[in-house]
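In listed order, ligands and their atoms are each counted from 1. Just so it is clear, the model here is predicted, and its values are computed rather than measured.
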Amino acid sequence: MSVTPASVLEDGHQELVRSFESFLTREVEPLAAELPPDTEIPPTDLRDHVRRRSAELGFYAGDYPEELGGSGMPFLAVVLLHHAAGRNGSLLAPYTLAGSDGPSPLLRHGTTEQIKRYLVPLVRGTALRCLAMTEPHAGSDAFRLRTRARPADGGGWTLSGRKTFVSNADRADIAIVIADVTDVDGTPANGPGSGGGPTAFIVPMDAPGLHIGQSYQGMSGEPLFELVLDGVRLPADAVIGGADGIGCAAADGMESLTRGRLVVAAMCDGIAEYALRAGVAYAREREAFGERIGSFQHVQEHLVSTRAEVEAAKLLTLACARLVDQGQEAQENAAIAKLTSSQTAIRAVDRSLQVHGATGWVRGHPLELRYRQVRMMTIIEGTTELQKVIIARAMGLP
Ligand SMILES: Cc1cc2nc3c(=O)[nH]c(=O)nc-3n(C[C@H](O)[C@H](O)[C@H](O)COP(=O)(O)OP(=O)(O)OC[C@H]3O[C@@H](n4cnc5c(N)ncnc54)[C@H](O)[C@@H]3O)c2cc1C
């Protein structure tokens, strides 16, 4: 079974994926194999180790420029690596690549000083960050913000509000907090040039007035956190991009969202391929009624449909990553890819679990874990419904 549509890839990309897979096999899988069988979240020191080692080898934040500690890879290469990490199936593999705790494209809009101070350590994997955007009353409608940033007496800013469902808040060195810049009296102003509106701030996690509130344990993975900002005082240069960055969070975030959605799509394609591989292997061995279950057409139907859907999803993700590399507008395509791959992955894991019967349903089986893990993929980086809204708008629907 082909693992990647090799015919659509250039030799250099295939070589890169092989070298990444060899790193996973030689250095990462043996560490994961030592973990207790019921491990869902690898210990922090192991995750830190594989992240830093991957950064040393140039895989971790590969699309960032070499002068910042990256490898200057095209975005397509990054997408291929995420795909390979998902397909690998090792619990530690996803931590070898920059995710929601790694460098943020938003910081590319930073001033020279911000890039040096905050982005470089993130690219090198020596620091972590979180993104605090969602609020208790505003998720999909992300810019209906109640978190406010007021100009403070004597210069700088005072931030107050509440953020929720923040990943990595317990481990991060900095938070990128999206807040509405208001007038001194708290009156909202809107948009670039108006002196106000949604703005991205860099907030050190030890800033006085910032604290972690409630934590939420989800179906799988690490907990999410509430972040409470209670009059957090920040210097004037805490705005990403300096004074020119005020009111720019929505526009600057578009690049992040397109790339983020394609990374999620690639992870989903990899997970789907992992699930398919497990299903095929099991169907070749398991017997019922004196035959291998893979000979039953109802079982074949699960695996063959998945195969066709996964190949289609992969090609869509790769084609869209190419558009990003060509500098073309890819918002609608990224929405289509994320929508397709996330739904495909959920179906792929579900079908493979079905092929495994009770064996796959037992707590601790890799497919049982993937079944819970993959469920978040239609919610993060914009829900399925929001992707459909983007596509409908691009189709000219009112
Ligand atoms: C695992 C995980 C990690 C996360 N990490 C972070 C993080 O690090 N930082 C952060 O800021 N947030 C994070 N989030 C929050 C995430 O961004 C939000 O959950 C997401 O944006 C959806 O918002 P919501 O949950 O408030 O749902 P809502 O926006 O309340 O939506 C509820 C339902 O209504 C639908 N809906 C909403 N608007 C429309 C519309 N216009 N048309 C059609 N349907 C619509 C949605 O699709 C959904 O089905 C995380 C969430 C999860 C699950």
Side-chain angles (χ1 to χ4, degrees), residues 40-41 86 94-95 98-107 122 128-147 159 161-180 198-203 205 210 212-229 240 249-250 252-254 256-261 263-265 267-268 271 331-332 334-335 338-339 342-343 345-346 369-395 397-398:
E40 285 196 18
I41 308 167
Y95 298 100
S100 65
D101 56 1
S104 164
L106 269 174
L107 278 167
L122 290 170
L128 296 176
R129 59 98 196 172
C130 59
L131 173 69
M133 182 151 172
T134 305
E135 300 192 354
H137 65 283
S140 306
D141 195 3
F143 293 109
R144 197 177 291 269
L145 298 165
R146 288 191 195 163
T147 299
L159 265 62
R162 230 163 243 273
K163 295 290 182 174
T164 193
F165 300 141
V166 179
S167 310
N168 322 308
D170 56 335
R171 303 185 292 130
D173 300 286
I174 55 163
I176 295 177
V177 175
I178 313 298
D180 233 347
T199 301
F201 289 85
I202 302 170
V203 184
M205 287 304 287
L210 177 74
I212 292 179
Q214 222 179 319
S215 72
Y216 308 89
Q217 186 60 58
M219 289 169 74
S220 69
E222 295 173 63
L224 305 177
F225 297 94
E226 179 187 35
L227 270 191
V228 181
L229 298 112
I240 294 184
D252 290 350
M254 283 309 152
S256 306
L257 279 174
T258 294
R259 286 175 177 249
R261 283 172 185 156
V263 165
V264 170
M267 287 159 58
C268 287
I271 293 169
Q331 204 196 355
E332 183 197 5
K338 200 257 172 180
L339 171 74
S342 56
Q343 292 185 334
I346 289 177
L369 175 59
R370 295 304 181 297
Y371 188 80
R372 288 182 285 117
Q373 280 177 341
V374 82
R375 190 60 190 83
M376 70 169 152
M377 298 299 191
T378 54
I379 300 172
I380 60 170
E381 296 288 331
T383 63
T384 290
E385 293 74 18
L386 259 285
Q387 307 313 306
K388 289 182 179 173
V389 169
I390 293 167
I391 298 162
R393 277 195 197 140
M395 290 165 70
L397 296 168

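- At least one donor-acceptor pair under 3.5 Å links the side chain of Asp173 to the backbone N or O of Leu128.
- Heavy-atom contacts from other residues, nucleotides or ligands closer than 6.0 Å to CE of Met219 number more than 12.
- Around atom CZ of Arg146, no more than 12 heavy atoms belonging to other residues, nucleotides or ligands sit under 6.0 Å away.
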For ligand 1, which of its N or O atoms have a protein N or O partner closer than 3.5 Å, and how long is each gap?
residue: ligand 1; atom: 5 (N); partner: Phe165; partner atom: O; Å: 3.2
residue: ligand 1; atom: 5 (N); partner: Ser167; partner atom: OG; Å: 2.9
residue: ligand 1; atom: 8 (O); partner: Ser167; partner atom: N; Å: 3.0
residue: ligand 1; atom: 8 (O); partner: Ser167; partner atom: OG; Å: 3.2
residue: ligand 1; atom: 9 (N); partner: Leu131; partner atom: O; Å: 2.7
residue: ligand 1; atom: 11 (O); partner: Met133; partner atom: N; Å: 2.9
residue: ligand 1; atom: 11 (O); partner: Thr134; partner atom: N; Å: 2.8
residue: ligand 1; atom: 11 (O); partner: Thr134; partner atom: OG1; Å: 3.1
residue: ligand 1; atom: 12 (N); partner: Thr134; partner atom: OG1; Å: 2.7
residue: ligand 1; atom: 12 (N); partner: Phe165; partner atom: O; Å: 3.4
residue: ligand 1; atom: 14 (N); partner: Phe165; partner atom: O; Å: 3.3
residue: ligand 1; atom: 17 (O); partner: Thr134; partner atom: OG1; Å: 3.4
residue: ligand 1; atom: 23 (O); partner: Ser140; partner atom: N; Å: 3.4
residue: ligand 1; atom: 29 (O); partner: Ser140; partner atom: N; Å: 2.8
residue: ligand 1; atom: 29 (O); partner: Ser140; partner atom: OG; Å: 2.6
residue: ligand 1; atom: 47 (O); partner: Thr383; partner atom: OG1; Å: 2.6
residue: ligand 1; atom: 47 (O); partner: Glu385; partner atom: OE1; Å: 2.6
residue: ligand 1; atom: 49 (O); partner: Glu385; partner atom: OE1; Å: 3.4

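- Other residues, nucleotides and ligands place no more than 12 heavy atoms under 6.0 Å from the CZ atom of Arg375.
- Looking at heavy atoms from C-beta onward, Met267 lies in side-chain contact with Met377 at the 4.5 angstrom threshold.
- Take Glu135 and apply the side-chain hydrogen bond (donor to acceptor under 3.5 Å, both in side chains) test, not counting sequence neighbours, and it matches Thr147, Lys163.
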